[in-house]
Amino acid sequence: MPEIKKGHTDNMTDQEKRLPITQHFTEMRQRFFRSIGGIVAGTVIAMFFGDQLVLMLLEPAGELADNVQSIDVLEYISVYFRVALTAGFIIAMPWVLYQFFAFLSPAFTPKEKKIIFTTFPFIVSLFLAGVAFAYFLALPVTMFFLFEFGSDIVTVAPRISTYIDLVLRLLVAIGLAFEMPIILGTLSVVGIVSSKWLASKRKIWFVLAFVLSAFITPTLDPITQTLIAAPLIVLYEISIWLTRIIGRRKPATAA
């Protein structure tokens with residue numbers, strides 16, 4: 001249940017003020033089921049293109065994708081539905097985010113609501129930018145390293161379930177990592193972080209970026225680690241720049 005800020009009640013309607021706690025739980029349940037419904041609808045749509053999506057996810061491996069194989073009878077159908085579910089979640093993400101922010105909206109002032117819904121397209125765009133970065137840059141380098149490492153001794157022939165799980169994990173994790181400017185910008189708006197504080201933690205973040213890269217990627221080679229850590233560092237710098245602008249506008253807003 002969203003917490004209603006003190007001082008914001010003046011901007012709320014009388015109807016919002018009178019909302020009992022049971023109604024908040026009812027609305028939360030409704031928005032949860034609407035989100036699930038959106039994911040189910042997205043998954044059903046994605047299932048019509050399941051084979052094409054699997055082939056698309058094999059593309060980053062290039063010619064080496066010929067080595068990927070299905071060992072168990074049920075392995076491919078399991079992969080098929082996991083890919084459809086992930087694609088369904090991505091398709092439904094704008095709808096799910098809308099339900100989330102709509103539930104929290106009573107806790108915000110009209111101006112904060114306007115800012116949130118104005119930045120809404122950027123939230124989706126940044127996630128898709130992260131997915132595109134992972135698909136076109138990070139995955140080909142990672143897959144080439146994984147397939148070629150030790151290939152003069154053994155033939156690397158991964159199971160398709162292992163391969164697809166790795167690809168989906170990278171796509172979603174990097175997509176979420178690209179939301180950093182939005183998250184830190186929001187925290188700056190509510191006064192939790194500032195540009196000075198973020199700048200003072202820059203060296204710590206440089207280290208954390210490589211630690212996160214180690215968790216996101218399955219390899220410890222410096223090329224892949226740097227490939228993932230570099231955009232995280234750039235996004236952090238963009239976040240500092242963004243929070244600095246937000247900080248400069250706060251006094252003008254208060255006036």
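A quick note: this is a predicted structure, and the numbers were derived from the prediction, not measured.
- The ring-ring contact (aromatic ring centres under 6.0 Å, His included) test applied to F133 returns F178, not counting sequence neighbours.
- D51 meets the salt bridge (charged side-chain N to carboxylate O under 4.0 Å, His left out) test with no other residue; sequence neighbours excluded.
- Side-chain heavy atoms closer than 4.5 Å link hydrophobic residues (I, L, V, M, F, W, Y) into clusters, and following such links, possibly through other members, connects W95 to L176.
- Residues in residues 149-171 take part in these ring-ring contact (aromatic ring centres under 6.0 Å, His included) pairs, two or more places apart or across chains: F145-F149.
- Annotation: ring-ring contact (aromatic ring centres under 6.0 Å, His included) contacts involving residues 60-93, sequence neighbours excluded, are absent.
- The salt bridge (charged side-chain N to carboxylate O under 4.0 Å, His left out) search around E59 returns none, not counting sequence neighbours.
- By the side-chain contact (heavy atoms from CB on, under 4.5 Å) test, S78 pairs with R82, sequence neighbours left out.
- Under the 4.5 Å side-chain heavy-atom criterion for ILVMFWY residues, no single connected hydrophobic cluster contains both I71 and V68.
- The salt bridge (charged side-chain N to carboxylate O under 4.0 Å, His left out) check on E75 picks up R159, with sequence neighbours excluded.
- For F127, the ring-ring contact (aromatic ring centres under 6.0 Å, His included) test picks out no residue, with sequence neighbours left out.
- Under the side-chain hydrogen bond (donor to acceptor under 3.5 Å, both in side chains) criterion, the residue pairs touching residues 29-40 are E27-R31, R31-Q99, with sequence neighbours excluded.
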For side-chain contact (heavy atoms from CB on, under 4.5 Å), just list the numbers for L166 and L146, CA-CA rounded to whole Å, side-chain angles, deciding distance to a tenth of an Å, and then say yes or no.
CA-CA 11 Å; L166 173 60; L146 292 175; 3.6 Å; yes

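- Q52 pairs by the side-chain contact (heavy atoms from CB on, under 4.5 Å) definition with F49, not counting sequence neighbours.
- By the side-chain contact (heavy atoms from CB on, under 4.5 Å) test, S194 pairs with K196, W197, sequence neighbours left out.
- Between the CG atom in L235 and the CD1 atom in I240 there is a gap of 11.5 Å [rounded to 0.5 Å].
- Contacts of I153 classified as side-chain contact (heavy atoms from CB on, under 4.5 Å), with partners at least two apart in sequence or in another chain: none.
- Side-chain atoms of Y236 come within 3.5 Å of backbone N or O of L198 as a donor-acceptor pair.
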